[in-house]
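As a basis for the values below, the full set of heavy atoms in this structure was taken, side chains included, without hydrogen atoms, waters or symmetry mates.
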Amino acid sequence: MVECGVDTADGVKVPDVAAMPKERAQGYNRRLYSFPEAPELCIEVASPGNTPEELAEKRKLYFAAGCRECWIGSEPGETAFYRATDQSIAVSELCPRFPSQVEL
């Protein structure tokens, strides 16, 4: 899903991309409401205006709302993976074959 709202302790936050099982996504209408519990996977694509502190705060909010894993993509195509403890991990546990470097 692209830009689905997530209820957090700091209001509704919107990850750039999110993933969850089909069964959970069925019936969701993002024009009407946001998810009270975060999707299993929330992905942010860092833009030049994002600070590391801002991205860290978003991760913490997603994890507190139930997210299992958060990815942060950067301009050079690098992806950083984090588990719900906000610990950085070398490989995604949800999608272990996803590369940490994406080249076009």
Side-chain angles (χ1 to χ4, degrees):
M1 302 179 86
V2 177
E3 297 186 341
C4 71
V6 177
D7 294 339
T8 75
D10 190 30
V12 175
K13 299 297 180 192
V14 183
D16 295 313
V17 179
M20 66 183 72
K22 282 190 256 184
E23 304 79 38
R24 190 164 163 230
Q26 288 177 340
Y28 170 68
N29 183 339
R30 67 178 160 199
R31 291 186 186 106
L32 299 178
Y33 59 89
S34 55
F35 279 101
E37 184 179 340
E40 282 77 352
L41 174 60
C42 292
I43 302 169
E44 289 287 340
V45 179
S47 66
N50 292 125
T51 65
E53 295 80 17
E54 175 187 6
L55 294 170
E57 181 62 23
K58 279 187 157 185
R59 284 195 319 267
K60 289 178 185 174
L61 290 167
Y62 295 146
F63 289 139
C67 177
R68 289 182 46 208
E69 195 167 295
C70 187
W71 301 357
I72 306 295
S74 67
E75 181 65 35
E78 298 170 355
T79 304
F81 307 104
Y82 297 87
R83 63 169 53 124
T85 58
D86 201 31
Q87 175 187 13
S88 176
I89 51 178
V91 175
S92 168
E93 294 172 353
L94 295 176
C95 304
R97 293 177 47 185
F98 193 89
S100 62
Q101 179 72 38
V102 178
E103 295 184 34
L104 298 176

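- Between Gly66 and Glu37, the shortest heavy-atom distance links the atoms CA-CG, 4.4 Å.
- Here the side chain of Glu44 pairs no donor or acceptor atom with the backbone of Cys70 at under 3.5 angstrom.
- Pro15 and Cys4 get closest at one heavy-atom pair: CD-O, 3.2 Å.
- With sequence neighbours left out, Leu41 forms a side-chain contact (heavy atoms from CB on, under 4.5 Å) with Ala19, Ile43, Glu69, Trp71, Leu94.
- Partners of Arg68 under the salt bridge (Lys or Arg N to Asp or Glu O under 4.0 Å) rule, at least two apart in sequence or in another chain, do not exist in this structure.
- A continuous path of hydrophobic side-chain contacts links Ile89 to Phe98 [ILVMFWY only; heavy atoms under 4.5 Å].
- Rounding to the nearest 0.5 angstrom, the gap separating the CZ atom in Arg24 from the CZ atom in Phe35 is 6.0 Å.
- Put simply, OG1 on Thr51 and CD on Glu57 are 10.0 Å apart, with the number rounded to the nearest 0.5 Å.
- Taking each heavy atom of Glu40 and Cys67 in turn, the nearest pair found is O-SG, 3.6 Å.
- In the hydrophobic clustering of this structure, Val17 groups with Val102; members are Ile, Leu, Val, Met, Phe, Trp, Tyr whose side-chain heavy atoms approach within less than 4.5 Å, directly or through other members.
- Between Val14 and Lys58, the shortest heavy-atom distance links the atoms O-NZ, 4.4 Å.
- Residues Ala65 and Asp7 approach most closely at CB-O, 3.6 Å, considering heavy atoms.
- A continuous path of Ile, Leu, Val, Met, Phe, Trp and Tyr side chains, each step under 4.5 Å between heavy atoms, connects Phe63 with Ile72, placing both in one hydrophobic cluster.
- For CD of Gln101, the number of neighbouring non-hydrogen atoms (other residues, nucleotides, ligands) closer than 6.0 Å is greater than 12.
- When all heavy atoms of Phe81 and Pro99 are compared, the closest pair comes out as CZ-O, 3.9 Å.
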